[in-house]
Number of protein chains: 4
Amino acid sequence: MLYEVEASLTYDFAAPCEVLLQVEAADGPDQRVVSQALTFWPMMQSAQAEDPTTRQRRTIFQAFGRVNILYRAQVDILAREPDLSTLSAQAIRDLPGDVLPFLRASRYSPSDRMESFADREFGGLTGGRRVTAIVDWILKHVDYRAGVSHSATTAVDTFIDRAGVCRDFSHLLIALCRAADIPARAVSVYAWGLQPPDLHAVAEVYLQGAWRLVDATALAPIEGFVRVATGRDAADIAFMTIFGSATLVEQRFKIDQVA
Amino acid sequence: MLYEVEASLTYDFAAPCEVLLQVEAADGPDQRVVSQALTFWPMMQSAQAEDPTTRQRRTIFQAFGRVNILYRAQVDILAREPDLSTLSAQAIRDLPGDVLPFLRASRYSPSDRMESFADREFGGLTGGRRVTAIVDWILKHVDYRAGVSHSATTAVDTFIDRAGVCRDFSHLLIALCRAADIPARAVSVYAWGLQPPDLHAVAEVYLQGAWRLVDATALAPIEGFVRVATGRDAADIAFMTIFGSATLVEQRFKIDQVA
Amino acid sequence: MLYEVEASLTYDFAAPCEVLLQVEAADGPDQRVVSQALTFWPMMQSAQAEDPTTRQRRTIFQAFGRVNILYRAQVDILAREPDLSTLSAQAIRDLPGDVLPFLRASRYSPSDRMESFADREFGGLTGGRRVTAIVDWILKHVDYRAGVSHSATTAVDTFIDRAGVCRDFSHLLIALCRAADIPARAVSVYAWGLQPPDLHAVAEVYLQGAWRLVDATALAPIEGFVRVATGRDAADIAFMTIFGSATLVEQRFKIDQVA
Amino acid sequence: MLYEVEASLTYDFAAPCEVLLQVEAADGPDQRVVSQALTFWPMMQSAQAEDPTTRQRRTIFQAFGRVNILYRAQVDILAREPDLSTLSAQAIRDLPGDVLPFLRASRYSPSDRMESFADREFGGLTGGRRVTAIVDWILKHVDYRAGVSHSATTAVDTFIDRAGVCRDFSHLLIALCRAADIPARAVSVYAWGLQPPDLHAVAEVYLQGAWRLVDATALAPIEGFVRVATGRDAADIAFMTIFGSATLVEQRFKIDQVA
């Protein structure tokens, strides 16, 4: 299925500064970027940074004043496995080396603190069945509600508060998977069908030889997710990191199916 | 200067399990592994994992009962810059892509929470002068004392407690550097002169085009550090991660200068 | 000096519920309530509760719909000691029994965690000199800024964030005093000269035989504080605790000097 | 039923200091102190402090060197209601004023953070049925295990860790009761049948006009609890608070039924 995505970000910069940008769709085994264009207005210097965990575009804003960043792409989403419950986990020995970091505790997914709960609640389950049980548990025990969490909120906070937004849902899912030695990472996506349209924070788990998208909010179908950035948690996948100061004028994300 | 290091780890395993091991010296621009040997007794299967942030040996213990891991190496430590104060920081645009993750908050170094303090205390300083001011501040304000911190202790806790061990010192140093956009990572080292001998947790900061060792505990000279693992914080550089259970029988680390 | 205070609170109650109210001026050695009136519109049942730490009015709202609470008082503020630096602390043996609870850690002032810092920073000082040194330290190291703290913010958070509002300033001051065995409690006051007019959160310390008002924000003179409620921290001195739900329509606090 | 309790505390004091002591049995509607004796060796000055929440003995150790405190009492425990499930909660308007503080969040029982969970899990239940459901939930979901918690551990930590000791069980129980507007406080008791013998931390809830003992650990029968101190949480009921330094030589608690 072919999708067209668009991000338009307009900011006012009071002084020259640098920005890391992560709005571009990622190529991968289950999605292919057919065409894309990233344009800065006025024109800016930018370079793709080779970050091993995320792929980031490094952009230097040297113009004072208003800057618009426009990203457009056509992306083909290939077959995805919507039902993870039949997939098996892999032994540590069979995990690729670059998957290992996603077994470990991170800033917003301190999985080391959730092992006792995870063992008690999901101890009898493994692999995909465990992941789907975790998703079901989150859906049942956590409310999707804005205003509860803030920028420092971790999976442990969300576990206590029992409420949060997509970012919090993904952090809790990731922490609970890692607590069971299932590699899990944070992913930002354009999500077809999400209302209101926005970049969506979801997760990926490594099952049966591949990273598999999973969304504990159930707000949109994973078949319509265009993957952008991946990382250990929200610290890694921010769509924009400004090293300096800027004022938001407008930001808009869009995704449509192409007939 | 040539050093000889040795790690001897003896554990009892009640059941087959897998282990990630990080005791091997790392090659790098400022140290060269001249010779090394890693032996398991009884013999085990092991494979080097290609983790982009750390380099880990993955070992599968299939034998029941007692296992000894013996690592020995001769490592040549080349010239190191003991005085960081004259080194300059680099603009984000000049940082290699694989350095970028070390700007971000992690499990034990939640740098996002320390920006206000860092700005107030070290705001006028940049680059190496800022790093050395941070080291001086830690030495003056934090006591080296066991029993205060535990496995979940973060840099924020140590900032409050004003006491901790090498792991805590490194986490606080890393958090305060990242809060100023100076890339910083955790490093485990064999430390010549450290009493009692042990693996030591220190940090590296990225200044003037290279990673530079720095130790906020001042317990041993950086010229005698044999670097082992690197990562975002202690979550990444554990010398042994056991996926299952084992009982420690004995562990011993050693480092000597070779005449 | 005579002051006139007024609080007007208007809320919509969707269902009958109970409310604890703390807006009434307190009699005490350094202030005398000359006259006061508390009226509910429409008329409500209310009773003074004898809480040993705070004095609370318990009110039962049985009317559906809009309720206005109007409190007016004339209060005479007697001589106050604006300079605490010459006052001495008392030995534990000389503290009245009802002062002892204010030596202990509470929800928002976890003084047990701040002892190391307090000893290092203010260790050489005692009594009033220590209190004024703490106030000076807070004024110098913490910014008065809204939006940083929220309802769960503790003194430890404010110590990290280095920013907050009056509630946060009082919590940090209280925690640092208790860490030095100086009894300290939270106080709500009508503050003459505060802009914009509002109930203000400050602290009291027990020095030389009496509770002494102290304000780490320096936003208004303590000679113009009309004391309302006292307690261990903000958990005890909320001006309104609603056991049920209500919608704020308008609330307004006023204080004027009477010529 | 008549019980005989004994506490013997031996400490070495390097310098004169003051101590707050809470080892004495409390008179109350459900227990009566028949006879008691508190002796210091060598002889010390001591005075009962009138703390409104706890009743503390204030003792001044002026002797250098070794001090032994010996407390012995015979206490008659009257009828107690072991089954709370049939008792009703009271409206806020019917609570005595001195019960109100025990509705509020405290250092180790931050009930404000547990309201969402409490509503979700126990929302349909009120009064004694809710309390017994909370006790059952804790027994089922939390392991009694030493070494997990430490002096700064709160009910929120225990909720995450799913393990702790009696102090942690009581803090979690208290927090979950307060989150439902059921007054709850911490209590230290001599507990007949507890192995090994020790002061035990339990809780009291205010139901149907009286404080009722409740123990989420189920380690000993409440009919054999001799109540000592009460307070908001462990911060208030420490059996010994030393304002200075001392070295523990030996401490021993005992309780026997008198035939």
Side-chain angles (χ1 to χ4, degrees), chain C residues 16-20 22 45-62 90-113 150-152 154-156 175 178 180-181 231-238 241-244, chain D residues 16-20 22 45-62 90-113 150-152 154-156 175 178 180-181 231-238 241-244:
Chain C
C17 78
E18 299 178 56
V19 162
L20 293 179
Q22 297 186 104
Q45 217 184 320
S46 86
Q48 191 81 17
E50 300 153 46
D51 179 330
T53 47
T54 64
R55 302 159 327 115
Q56 295 177 311
R57 183 163 294 275
R58 199 153 25 185
T59 307
I60 307 147
F61 291 100
Q62 285 177 328
Q90 283 176 280
I92 304 299
R93 69 175 155 271
D94 298 326
L95 293 175
D98 60 4
V99 168
L100 296 176
F102 301 100
L103 287 169
R104 296 195 273 264
S106 63
R107 171 68 180 101
Y108 301 110
S109 291
S111 45
D112 54 308
R113 296 214 56 199
H150 46 90
S151 67
T154 70
V156 159
R178 289 182 191 162
D181 297 334
R232 292 210 186 170
D233 58 27
D236 281 343
I237 62 169
T241 308
I242 299 169
F243 295 89
Chain D
C17 77
E18 297 178 57
V19 162
L20 293 180
Q22 297 186 106
Q45 218 184 319
S46 85
Q48 191 81 17
E50 299 153 46
D51 179 331
T53 47
T54 63
R55 302 159 326 114
Q56 296 176 311
R57 184 164 293 274
R58 198 154 27 187
T59 307
I60 306 148
F61 291 100
Q62 285 177 327
Q90 284 176 278
I92 304 298
R93 68 174 155 273
D94 298 326
L95 293 175
D98 61 3
V99 168
L100 296 176
F102 300 101
L103 287 169
R104 295 195 273 265
S106 63
R107 171 70 180 99
Y108 301 110
S109 290
S111 44
D112 55 309
R113 295 214 57 199
H150 47 89
S151 67
T154 69
V156 158
R178 289 182 191 161
D181 297 334
R232 291 210 186 170
D233 58 28
D236 281 342
I237 63 169
T241 307
I242 298 168
F243 294 89

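The model shown is predicted, which means the values in this text are computed figures rather than measured ones. In the text below, chain A, chain B and the rest are named by the order of the sequence lines, each starting its count at 1.
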Test D:R232 against C:R232 for side chain to side chain contact (heavy atoms under 4.5 Å, CB included), laying out the working first.
CA-CA 11 Å; D:R232 291 210 186 170; C:R232 292 210 186 170; 4.0 Å; yes
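The structure places CG of C:D94 at 7.5 Å from CD of D:E18, a figure rounded to the nearest 0.5 Å. Summarising the geometry, atom CG belonging to D:L20 is positioned 7.5 Å from atom CG belonging to C:L103; distances are rounded to the nearest 0.5 Å.
Within the 4.5 angstrom heavy-atom criterion, only side-chain atoms of C:D112, from C-beta onward, approach chain D. Both the backbone and the side chain of D:L95 have a heavy atom closer than 4.5 Å to some heavy atom of chain C. Proximity to chain C (any heavy atom under 4.5 Å) is restricted, for D:D181, to the side chain, taken from C-beta onward. Residue contact with chain C, scored on non-hydrogen atoms closer than 4.5 Å, involves the backbone and the side chain of D:R93 alike. In this structure, the portions of D:A91 lying under 4.5 Å from any heavy atom of chain C include both its backbone and its side chain.
Shown here are the side-chain contact (heavy atoms from CB on, under 4.5 Å) partners of C:A47, two or more places apart in sequence or in another chain: there are none. For C:R57, the salt bridge (charged side-chain N to carboxylate O under 4.0 Å, His left out) partners are C:E24, not counting sequence neighbours.
Taking C:P96, C:A49, C:S109, C:S106 one by one and counting their heavy-atom pairs under 4.5 Å with chain D, the maximum is reached by C:S106. Among the candidates D:I92, D:D98, D:V19, the residue making the largest number of heavy-atom pairs closer than 4.5 Å to chain C is D:I92.
Considering all non-hydrogen atoms of both residues, D:A235 and C:A105 come closest at CB-O, 3.9 Å. Smallest separation of non-hydrogen atoms from C:R58 and D:G97: NH2-N, 4.2 Å.
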